[in-house]
Amino acid sequence: MSKLYIVPTPIGNLEDMTFRAIKVLKEVNLILAEDTRTSAKLLKHFEIGTHMMSHHMHNEHKTVESIIQRLKGGDTVALISDAGTPAISDPGFLLTRACVENEIPVECLPGATAFVPALVNSGLPNDKFVFEGFLPDKKGRQTRFLALAEETRTMIFYVSPHKLVKTLGEFAQYFGADRPVSVSRELSKLHEETVRGTATEVLEHFTKKEPKGEIVAIVGGAVAERKKKREDREEE
């Protein structure tokens, strides 16, 4: 029976690959990979010989229809990204939507994703949170920051290492220098690090130490910050 499987892959440590994910990748007719060169290393490690096809942000609009036709023809297909769960700031949404529209079964396996451990590691409230992913590079960036300035939930951002210092400066500018921030990088890898403090303190840290690797930034919500300031005043 045709089905699209959304299969999470490790964000760093290969031991985070699940037995079920390996089984699915071995049994499907086709694996869609964000970067076949990156995924080839993963498949080789787990002795998975299934045929791969490239499916990434630059070609997904063109490939969706042909994949749908294969699924309608009875194939089973697995979608993976370079790391983590597909469709979370990675390709996957367009194909999933097309499958739903064509009544093709979709099954997403549980597994690795970067923002969950970063959120839990932060020590910031995680009962309610908002996932922002990557901020706009230029157009709409300031507008997004202004809209988020009064956001009361904990906020989650994906940040490129070469943009981290700039982004932390913007956190201080738009959210306040004392807004609590936690930055996790290289999660599950050898050099995993989480830096916590105010926006200014974390900015100072990464100004002195060049950031490297995959980065998730967690920012406390506006209400949490106001509550902290009130408690600080009461202690005084």
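We use all heavy atoms of the structure for the numbers below, so side chains are in, but hydrogens, waters and symmetry mates are not.
Side chain to side chain, T194 and S184 meet the donor-acceptor criterion of an N or O pair below 3.5 Å.
When hydrophobic clusters are built by joining Ile, Leu, Val, Met, Phe, Trp and Tyr residues whose side-chain heavy atoms come closer than 4.5 Å, directly or via intermediates, V130 is grouped together with F145. In terms of hydrophobic clustering, with Ile, Leu, Val, Met, Phe, Trp and Tyr side chains grouped at heavy-atom distances under 4.5 Å, I68 and F93 are assigned to a common cluster. Linking Ile, Leu, Val, Met, Phe, Trp and Tyr residues whenever their side-chain heavy atoms come within less than 4.5 Å places V116 and F134 in a single cluster. Tracing side-chain contacts under 4.5 Å through hydrophobic residues (I, L, V, M, F, W, Y), one reaches I67 starting from L4; they form part of the same cluster. In this structure, F175 is a member of the same hydrophobic cluster as L168, with clusters built from ILVMFWY side-chain heavy atoms closer than 4.5 Å.
Ion pairing between a basic and an acidic side chain is recognised when a charged N comes within 4.0 Å of a carboxylate O; D137 and K163 show such pairing. With salt bridges taken as basic N to acidic carboxylate O contacts below 4.0 Å, one links E193 and K209. A salt bridge links E132 with R144: the closest approach of a Lys/Arg side-chain nitrogen to an acidic carboxylate oxygen falls below 4.0 angstrom.
The local environment of CD in E101 is crowded, with over 12 non-hydrogen atoms from other residues, nucleotides or ligands closer than 6.0 Å. For CD of E214, the number of neighbouring non-hydrogen atoms (other residues, nucleotides, ligands) closer than 6.0 Å is 12 at most. Residue-environment remark: NZ (K189) exceeds the threshold of 12 foreign heavy atoms within 6.0 Å.
Under the 6.0 Å cut-off for aromatic ring centres, F157 and F131 do not qualify, their centroids lying 6.0 Å or more apart.
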- Message: Set out, in order, the CA-CA distance, both residues' side-chain angles and the distance that settles salt bridge (charged side-chain N to carboxylate O under 4.0 Å, His left out) for R141 and E170, then state yes or no.
- Response: CA-CA 10 Å; R141 190 176 179 90; E170 291 168 323; 2.7 Å; yes
- Item | Working for side chain to side chain contact (heavy atoms under 4.5 Å, CB included), residues I6 and V106 | CA-CA 7 Å; I6 310 296; V106 177; 4.1 Å; yes
- Item | Working for side-chain hydrogen bond (donor to acceptor under 3.5 Å, both in side chains), residues D178 and T198 | CA-CA 5 Å; D178 294 330; T198 65; 4.9 Å; no
- Task: Could you go through the side chain to side chain contact (heavy atoms under 4.5 Å, CB included) check for K3 and E107 one step at a time?
- Result: CA-CA 7 Å; K3 181 183 285 189; E107 186 171 344; 2.7 Å; yes
- Item | Residue pair V77, Y5: steps toward the side chain to side chain contact (heavy atoms under 4.5 Å, CB included) verdict | CA-CA 6 Å; V77 177; Y5 291 93; over 6 Å; no
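Proximity of P180 to V219: side-chain heavy atoms (C-beta onward) are nowhere separated by under 4.5 Å. Residues L94 and H61 form a side-chain contact, since some pair of their non-hydrogen atoms from C-beta on lies under 4.5 Å apart. Looking at heavy atoms from C-beta onward, S2 lies out of side-chain contact with D75 at the 4.5 angstrom threshold. Looking at heavy atoms from C-beta onward, P110 lies in side-chain contact with R20 at the 4.5 angstrom threshold. Between I22 and T18, every side-chain heavy-atom pair lies at or beyond the 4.5 Å cut-off. R179 has its side chain within reach of M155: a pair of non-hydrogen atoms, C-beta onward, lies under 4.5 Å apart. Residues N121 and R196 form a side-chain contact, since some pair of their non-hydrogen atoms from C-beta on lies under 4.5 Å apart. The closest side-chain heavy-atom distance from R97 to L95 is not below 4.5 Å.
A donor-acceptor contact shorter than 3.5 Å links the side chain of N102 to the backbone of A98. Remark: side-chain polar atoms of T50 are paired, donor with acceptor, to backbone N or O of L25 under 3.5 angstrom. With S122 contributing its side chain and L119 its backbone, the two residues share a donor-acceptor pair below 3.5 Å. Panel note: side chain T113, backbone G84; no donor-acceptor pair is recorded below 3.5 Å. Side-chain atoms of E204 never come within 3.5 Å of backbone atoms of T200 as a donor-acceptor pair (strictly under, hydrogens ignored). Between the side chain of N29 and the backbone N or O of T76, at least one donor-acceptor pair lies under 3.5 Å. A donor-acceptor pair under 3.5 Å is absent between the side-chain atoms of T152 and the main chain of A222, judged by distance alone.
The only option from D35, I31, I80, L79 that meets the side-chain contact (heavy atoms from CB on, under 4.5 Å) definition with H55 turns out to be L79. Between T9 and the choices T38, D16, L42, the side-chain contact (heavy atoms from CB on, under 4.5 Å) rule is met once, by L42.
Considering every non-hydrogen atom in both A83 and I11, the closest pair reads CB-CA, 3.9 Å. Taking each heavy atom of L14 and F46 in turn, the nearest pair found is O-CZ, 3.5 Å. In terms of heavy-atom proximity, S89 sits nearest to G133 at OG-CA, 3.9 Å. Minimum interatomic distance between C99 and L71 (heavy atoms only, all atoms of both residues): SG-CD1, 3.6 Å. The nearest pair of heavy atoms linking G220 to L124 is N-CD1, 3.6 Å. When all heavy atoms of K72 and I104 are compared, the pair lying nearest together is CG-CD1, 4.2 Å.
Considering OH of Y174 and OG1 of T167, their distance stands at 11.5 Å, rounded to 0.5 Å. Atom CG of N126 sits about 12.5 Å away from atom NZ of K128, to the nearest 0.5 Å. S54 contributes atom OG, which lies 5.0 Å from atom CG of N59 (distance to the nearest 0.5 angstrom). M53 contributes atom CE, which lies 13.0 Å from atom OG of S39 (distance to the nearest 0.5 angstrom). The NE2 atom of H162 sits 11.5 Å away from the CD atom of E210 when rounded to the nearest 0.5 Å. The OG atom of S81 lies 13.5 Å from the NE2 atom of H56; values are rounded to the nearest 0.5 Å.
For P117, the side-chain contact (heavy atoms from CB on, under 4.5 Å) partners are L187, not counting sequence neighbours.
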